[in-house]
Amino acid sequence: VQLQASGGGLVQAGGSLRLSCAASGRTIRTYNMGWFRQAPGKEREFVAAIKWGGGSTYYEDSVKGRFTISRDNAKNTVYLQMNNLKPEDTAVYYCAADSPPVAITSALADGNMYDVWGQGTLVTVSS
């Protein structure tokens, strides 16, 4: 499977963006999917994940209540709706696919669990 992230851009603090991660090559229906980000000079960090099947979700604490991850298996796409953006959300955002999917939800925060990564999309939040 190949992943293509899009939707990044420049937005003012308090604004919103929706990132998309379009998959090709095979269905992601049985994949756990995740979003990670990397800010300049910092390590990559987990943002959100959504499990296959029932689609339960998991978020990093700083984005809870502001970001929403969702998936549309018919479109083979995963989304990250980001509201009330803050300057500290500025980063390159990456989507990733985990297959075979791990069962333990907390493991989804570990980037090593993911097998396929898309190219990043830059999100810049101005104050």
Distance in Å, [X] [atom1] paired with [Y] [atom2], rounded so as to fall on 0.5 Å steps:
| X | Y | atom1 | atom2 | value |
| --- | --- | --- | --- | --- |
| Asp110 | Ile104 | CG | CD1 | 11.0 Å |
| Phe36 | Arg44 | CZ | CZ | 6.0 Å |
| Tyr93 | Leu17 | OH | CG | 9.0 Å |
| Glu43 | Gln38 | CD | CD | 8.0 Å |
| Ser70 | Leu80 | OG | CG | 8.5 Å |

Under 4.5 Å between side-chain heavy atoms, hopping through other hydrophobics if needed: is there a path connecting [X] to [Y]?
| X | Y | result |
| --- | --- | --- |
| Leu10 | Leu85 | no |
| Val63 | Met82 | yes |
| Trp117 | Val1 | no |
| Met113 | Tyr58 | yes |

Looking at [X] and [Y], would you say the former's side chain and the latter's main chain have a donor-acceptor pair under 3.5 Å?
| X | Y | result |
| --- | --- | --- |
| Asp72 | Thr77 | no |
| Tyr114 | Leu108 | yes |
| Thr124 | Thr90 | no |
| Asp115 | Ser99 | yes |
| Tyr79 | Thr68 | no |
| Arg37 | Val123 | no |
| Arg71 | Lys51 | yes |
| Gln4 | Gln119 | no |
| Asn76 | Arg26 | yes |

For [X] against [Y], the heavy-atom pair lying closest together:
| X | Y | answer |
| --- | --- | --- |
| Cys95 | Ala5 | SG-CB, 4.1 Å |
| Leu19 | Gly8 | CD2-N, 3.6 Å |
| Ile28 | Ala23 | CG2-CB, 3.4 Å |

Looking only at the aromatic ring of each residue, does the gap between the centers of Phe67 and Trp35 stay below 6.0 angstrom?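 That pair fails the under 6.0 Å test.
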
Quick test of your reading of the model: are Asp89 and Lys86 salt-bridged, counting only N-O distances below 4.0 Å?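 No, no charged N to carboxylate O under 4.0 Å.
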
Side chain to side chain contact (heavy atoms under 4.5 Å, CB included) with Val78: which of Leu3, Ile69, Asn73?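 Output: one option passes, namely Ile69.
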
Can you find a pair of side-chain heavy atoms, one from Asp98 and one from Tyr31, that are under 4.5 Å apart?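 Contact flag for Asp98/Tyr31 side chains = no.
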
